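Since the structure comes first, as structure tokens, the remarks are kept for the end.
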Amino acid sequence: MTMSMMALTDLFIVLIAIVELSRGAFGMPLHASCKIDWYFGLGCPETSKKIIDQIDLWKGNDCGTGEKCKYKFISFDNSVLKATHTTPVKNYVDDLTFVFNSNSTTSCVVNGFSTSETWYAVLDYGTNYCNLHNLITGSGLDLTANYKEATDNGRCTQYSSANCDKY
């Protein structure tokens with residue numbers, strides 16, 4: 001190994017260490033994103049239909065005072081729903097994924113993920129959380145029996161300061 005290769009290897013190791021230390025220090029993802037687990041008292045077919053219907057309802061450009069608009073359905077295949085949300089002011093695009101896991105015909109566990117397509121996005125004011133949360137509350141799924149939402153700042157950028165009436 002040449003001296004320049006060793007220097008590059010050492011630099012790479014230092015960069016990895018800085019990234020990992022920063023992640024622990026800031027207590028949030030390094031890229032603007034959000035992971036949420038939900039538990040619903042409905043079967044997965046009904047749960048996925050409600051989310052798809054809400055995406056369709058909010059596909060237009062009329063956002064009012066928040067960001068409950070500009071959603072786009074991409075696909076639903078093998079219990080994986082893909083969609084996008086575009087922010088109305090800056091037109092940033094976030095990718096949304098919902099994975100449906102059926103426990104029974106009367107309950108469904110859903111793993112949701114939203115991530116910014118903008119490679120340099122670090123902070124998002126809770127936008128990725130609101131992308132997901134707004135679909136759940138808009139569809140009324142938060143009112144189902146045994147509903148539970150699980151996330152935290154370590155899994156969801158700026159979760160604790162999110163304002164979903166705005167974003």
Side-chain angles (χ1 to χ4, degrees), residues 19-42 44 46-76 79-101 107-167:
V19 164
E20 287 303 312
L21 288 172
S22 297
R23 183 176 186 175
F26 295 118
M28 65 182 183
L30 291 176
H31 181 73
S33 62
C34 185
K35 293 179 184 175
I36 305 175
D37 299 318
W38 293 284
Y39 306 86
F40 300 107
L42 285 176
C44 286
E46 296 90 353
T47 301
S48 60
K49 182 177 181 342
K50 284 184 173 280
I51 294 172
I52 292 168
D53 288 349
Q54 194 61 48
I55 290 168
D56 188 52
L57 186 64
W58 285 346
K59 68 182 175 188
N61 292 325
D62 183 17
C63 297
T65 59
E67 295 194 4
K68 296 174 182 172
C69 62
K70 299 183 93 171
Y71 281 88
K72 181 180 177 185
F73 174 83
I74 303 296
S75 66
F76 184 57
S79 300
V80 177
L81 168 60
K82 294 197 176 279
T84 61
H85 177 251
T86 304
T87 61
V89 176
K90 301 268 185 174
N91 290 310
Y92 294 130
V93 179
D94 301 320
D95 295 320
L96 313 178
T97 304
F98 298 85
V99 178
F100 297 85
N101 303 292
S107 68
C108 186
V109 177
V110 180
N111 309 110
F113 183 64
S114 176
T115 186
S116 175
E117 285 187 0
T118 306
W119 67 270
Y120 55 84
V122 178
L123 301 177
D124 68 354
Y125 304 101
T127 297
N128 280 285
Y129 169 73
C130 294
N131 287 342
L132 301 167
H133 178 79
N134 286 342
L135 286 172
I136 300 306
T137 58
S139 66
L141 283 166
D142 59 322
L143 304 176
T144 62
N146 302 318
Y147 166 77
K148 181 180 172 190
E149 178 182 272
T151 194
D152 56 47
N153 285 326
R155 299 176 64 209
C156 199
T157 306
Q158 296 183 291
Y159 160 71
S160 61
S161 61
N163 177 356
C164 293
D165 289 331
K166 181 175 181 181
Y167 298 110

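Just so you know, residue 1 is the first one in the sequence shown, and it goes up from there. We use all heavy atoms of the structure for the numbers below, so side chains are in, but hydrogens, waters and symmetry mates are not. Just so we're clear, the structure is a prediction, and the values are computed from it rather than from any experiment.
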Of all heavy-atom pairs between G41 and T144, which one has the smallest distance, and what is that distance?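 Closest approach of G41 to T144, heavy atoms only: N-OG1, 3.5 Å.
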Contact summary for A162 and C130, nearest pair of heavy atoms: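 That closest heavy-atom pairing would be CB-SG, 4.0 Å.
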Can you tell if the side chain of [X] reaches within under 4.5 Å of the side chain of [Y], non-hydrogen atoms only?
X	Y	value
W58	L135	yes
T47	W38	no
E149	D142	no
T157	N128	no
Y147	Y39	no
F113	D95	no
Y129	C164	yes
V109	V99	no

Should the pair Y125 and Y167 be assigned to parallel (<30°), tilted (30 to 60°) or perpendicular (>60°) ring geometry?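 Geometry flag for Y167 against Y125: parallel rings.
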What is the ring orientation for F100 with F76, classed by angle as parallel under 30°, tilted 30 to 60°, or perpendicular over 60°?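 Because their plane-to-plane angle is over 60°, the rings of F100 and F76 count as perpendicular.
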[atom2] on [Y] to [atom1] on [X], rounded to 0.5 Å:
X	Y	atom1	atom2	answer
S48	L81	OG	CG	7.5 Å
N163	T127	CG	OG1	10.0 Å
F40	L141	CZ	CG	5.0 Å
E67	K166	CD	NZ	9.0 Å
L132	L96	CG	CG	5.5 Å
F98	K82	CZ	NZ	11.0 Å

Stepwise side-chain contact (heavy atoms from CB on, under 4.5 Å) check, F73 with D56: CA-CA 7 Å; F73 174 83; D56 188 52; over 6 Å; no
Can you tell me which residue among T87, N91, T86 is in a side chain to side chain donor-acceptor pair (under 3.5 Å) with K70?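 By the side chain to side chain donor-acceptor pair (under 3.5 Å) criterion, K70 pairs with just one of T87, N91, T86: N91.
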Whether [X] side chain and [Y] backbone form a donor-acceptor pair below 3.5 Å:
X	Y	result
H85	C69	yes
Y71	L57	no
Q158	D124	yes
T118	S116	no

Between the side chains of N153 and S160, does any donor sit under 3.5 Å from an acceptor?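 Yes.
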D53 with K50: basic N within carboxylate O range, under 4.0 Å: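 The answer is no: the pair does not qualify as a salt bridge.
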Tell me, yes or no, whether the heavy-atom count around K35 atom NZ, taken from other residues, nucleotides or ligands under 6.0 Å, exceeds 12.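 For K35, atom NZ is not crowded (no more than 12 foreign heavy atoms under 6.0 Å).
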